[in-house]
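In what follows, chains are A, B, ... by sequence order, proteins preceding strands, each numbered from 1. Nothing here was measured: the structure is a model prediction, and the numbers come from that model.
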Number of protein chains: 2
Amino acid sequence: MHELLIQNLSKFVPLSSLEAEIIQSLFTFKKYRKKQYILQEGDVTRYETFIVKGVTRTYEVDDKGQEHILQFGLEDWWVGDLYSFLTDTPTTYNIDCLEDTQVLHITKADLEILYEKVPKMERHFRILIQNAFIASTKRLSASLSRSAPERYEEFIKKYPQIEQRVANHQIASYLGITPQTLSRIRSESK
Amino acid sequence: MHELLIQNLSKFVPLSSLEAEIIQSLFTFKKYRKKQYILQEGDVTRYETFIVKGVTRTYEVDDKGQEHILQFGLEDWWVGDLYSFLTDTPTTYNIDCLEDTQVLHITKADLEILYEKVPKMERHFRILIQNAFIASTKRLSASLSRSAPERYEEFIKKYPQIEQRVANHQIASYLGITPQTLSRIRSESK
DNA sequence: TCAAAAAGTTAATCCAGGTTAACGTTTTTT
DNA sequence: AAAAAACGTTAACCTGGATTAACTTTTTGA
């Protein structure tokens, strides 16, 4: 069950079997049911989470009680609130499962041990976060300069896997529009 | 003139004077005049840029010719299009100077040398990018759930230094609103 | 298995922020 | 020092997407 993880972690830097061993020992496997929370607002994020199977959503609730999805998580992706994880402060996000989901967790202390025992992981995570940062910047630029239909079209093109697995109103929340608006866009683009 | 850089690079990891030497040797100093471009759409980003003195803006031009500011750059900040830098692809961003500006550049090859000769820099840049990613996520979440006046207020609170040094219409562009709307917000909040 | 809840759609109305335009002020350029 | 360009503000009007509501379809769970 750790195979996918090892494969993921050796994407940017090759790993020896000893290193793979070490990695295995530092992660904990866990199963969640659909609708179950992996993280709730107010919790301190104790571990970063690698998704082995399933779908998650990371969302925030604003002052008016509206939910806004910041990220979906699928197989082979990492989820978690980095800020809360790194600074030991309570998170403002919620992460729950849209399907039954299997994950591997690593705590902050164990991640430090990982960096120490397998220094090349420092590089792996730098690249990983680099990519996440680039994606986030691109999404920000889209939110500044694209209309709702354009953002929807881009989303569909970029994440066809997600479109198939999550409900439309979740996609609307991710795009920053209402389900009604999404429905209109979908019927007009047909 | 490299003092600010060394100070910046030792923020997360301590540096010996030998290491500081190595770092010095890998960066190039450059001066730009106000309005001069550091990077233009279509260029491949050949170096990451550390600002020693001055102010820059990173912006994008959309299909309708509208400019959208993604980031301001001040003293002690890093700017540049990471994606273009890392993948050797032409950038879609422009970076120009809002004041006369002094910077230190490092090329990709020299950054690799830096990682090799001073491995702890890998950690430094991981943390730097981590912070940039967190900031970008927070800004995205604000763009999804905050109104224009709320976003303006947050901006002023978070970057009082920027507010004092850049024109209002630049701030409007950063916030994703028109200068007229910003003007209205400012007069109503007085 | 069937009632209730959740999801999706359509339509009427509303409003935050955009657009256009006019005008005074400040900055830049020559 | 003058002319031109850039900037900031105000006001009238417009519009993309929100809101509200009513209805149908699908999913869920007791």
Side-chain angles (χ1 to χ4, degrees), chain A residues 32-36 54-55 57 59 61-69 72 94 96-101 142-156 162-190, chain B residues 32-36 54-55 57 59 61-69 72 94 96-101 142-156 162-190:
Chain A
Y32 292 89
R33 303 295 307 279
K34 185 170 180 172
K35 295 199 176 169
Q36 201 179 341
V55 185
R57 72 208 249 259
Y59 69 96
V61 182
D62 71 20
D63 317 331
K64 294 137 220 147
Q66 289 278 122
E67 292 180 2
H68 302 277
I69 296 181
F72 291 109
N94 299 277
D96 64 5
C97 301
L98 300 179
E99 295 177 4
D100 291 356
T101 297
S143 93
L144 285 173
S145 57
R146 309 255 119 87
S147 67
E150 285 165 342
R151 263 146 49 217
Y152 174 64
E153 199 185 339
E154 276 183 19
F155 175 82
I156 295 302
I162 296 183
E163 199 224 340
Q164 246 114 66
R165 287 172 74 179
V166 318
N168 279 329
H169 72 279
Q170 310 276 14
I171 295 175
S173 166
Y174 178 93
L175 294 174
I177 59 180
T178 59
Q180 291 88 327
T181 298
L182 180 56
S183 187
R184 236 183 321 188
I185 290 169
R186 285 162 54 83
S187 73
E188 273 160 24
S189 75
K190 251 178 280 165
Chain B
Y32 292 90
R33 302 296 305 280
K34 186 171 179 171
K35 296 197 175 171
Q36 201 179 341
V55 184
R57 70 208 250 258
Y59 69 95
V61 181
D62 72 19
D63 317 333
K64 294 139 222 147
Q66 289 278 121
E67 294 180 1
H68 302 276
I69 296 181
F72 290 110
N94 299 277
D96 64 5
C97 300
L98 300 178
E99 296 178 3
D100 290 358
T101 296
S143 93
L144 286 173
S145 58
R146 308 255 118 89
S147 67
E150 286 166 341
R151 262 145 50 216
Y152 175 63
E153 200 185 339
E154 276 182 19
F155 175 81
I156 294 302
I162 296 182
E163 200 224 341
Q164 245 113 66
R165 286 172 74 179
V166 320
N168 279 329
H169 73 277
Q170 310 276 14
I171 295 176
S173 165
Y174 178 93
L175 294 174
I177 59 179
T178 60
Q180 291 88 328
T181 298
L182 180 55
S183 188
R184 239 183 317 194
I185 289 169
R186 285 160 54 83
S187 73
E188 273 159 25
S189 73
K190 252 178 279 165

Whole-Å gap separating [atom2] ([N]) and [atom1] ([X]):
X      : N      : atom1 : atom2 : value
B/L98  : C/dT28 : CG    : P     : 12 Å
B/R146 : C/dG17 : CZ    : P     : 14 Å
B/E188 : D/dT10 : CD    : C1'   : 12 Å
A/L175 : D/dG16 : CG    : P     : 18 Å
A/I185 : C/dT9  : CD1   : P     : 12 Å
B/I177 : D/dT9  : CD1   : C1'   : 14 Å
A/Q170 : C/dG8  : CD    : P     : 8 Å
A/N168 : C/dT10 : CG    : C1'   : 15 Å

Looking at B/R184 and C/dG18, is any side-chain donor or acceptor paired with a base atom of the opposite kind under 3.5 Å? yes

Is a donor-acceptor contact shorter than 3.5 angstrom present between the side chain of B/Q180 and the base of C/dT20? yes

Just by modelled atom types, is the A/E67 backbone N or O under 3.5 Å from a matching donor or acceptor in the A/S173 side chain? yes

Hey, is [X] close enough to [Y] for a salt bridge, meaning N to O under 4.0 Å?
X     : Y      : result
A/R33 : A/D100 : yes
A/R57 : A/D96  : yes
B/D62 : A/R146 : no

Choosing from D/dT28, D/dA18, D/dC7, which nucleotide comes nearest the side chain of A/K34? D/dT28

Options D/dG8, C/dA7, C/dT10, nucleotide nearest the side-chain atoms of B/H169: D/dG8

Heavy-atom pair with the smallest gap, counting every atom of B/A172 and B/L182: N-CD2, 3.8 Å

First of B/T181 and B/K35 reached from the 5' end of DNA chain D, by closest nucleotide: B/K35

Considering just the side-chain nitrogens and oxygens of B/T178, establish if one lies under 4.0 Å of OP1 or OP2 belonging to C/dG18. yes

Base, sugar-phosphate, or nothing for A/K64, non-hydrogen atoms under 4.0 angstrom? nothing

If you pin A/P179 and B/Q66 to their nearest nucleotides in DNA chain C, which one's is more 5'? A/P179

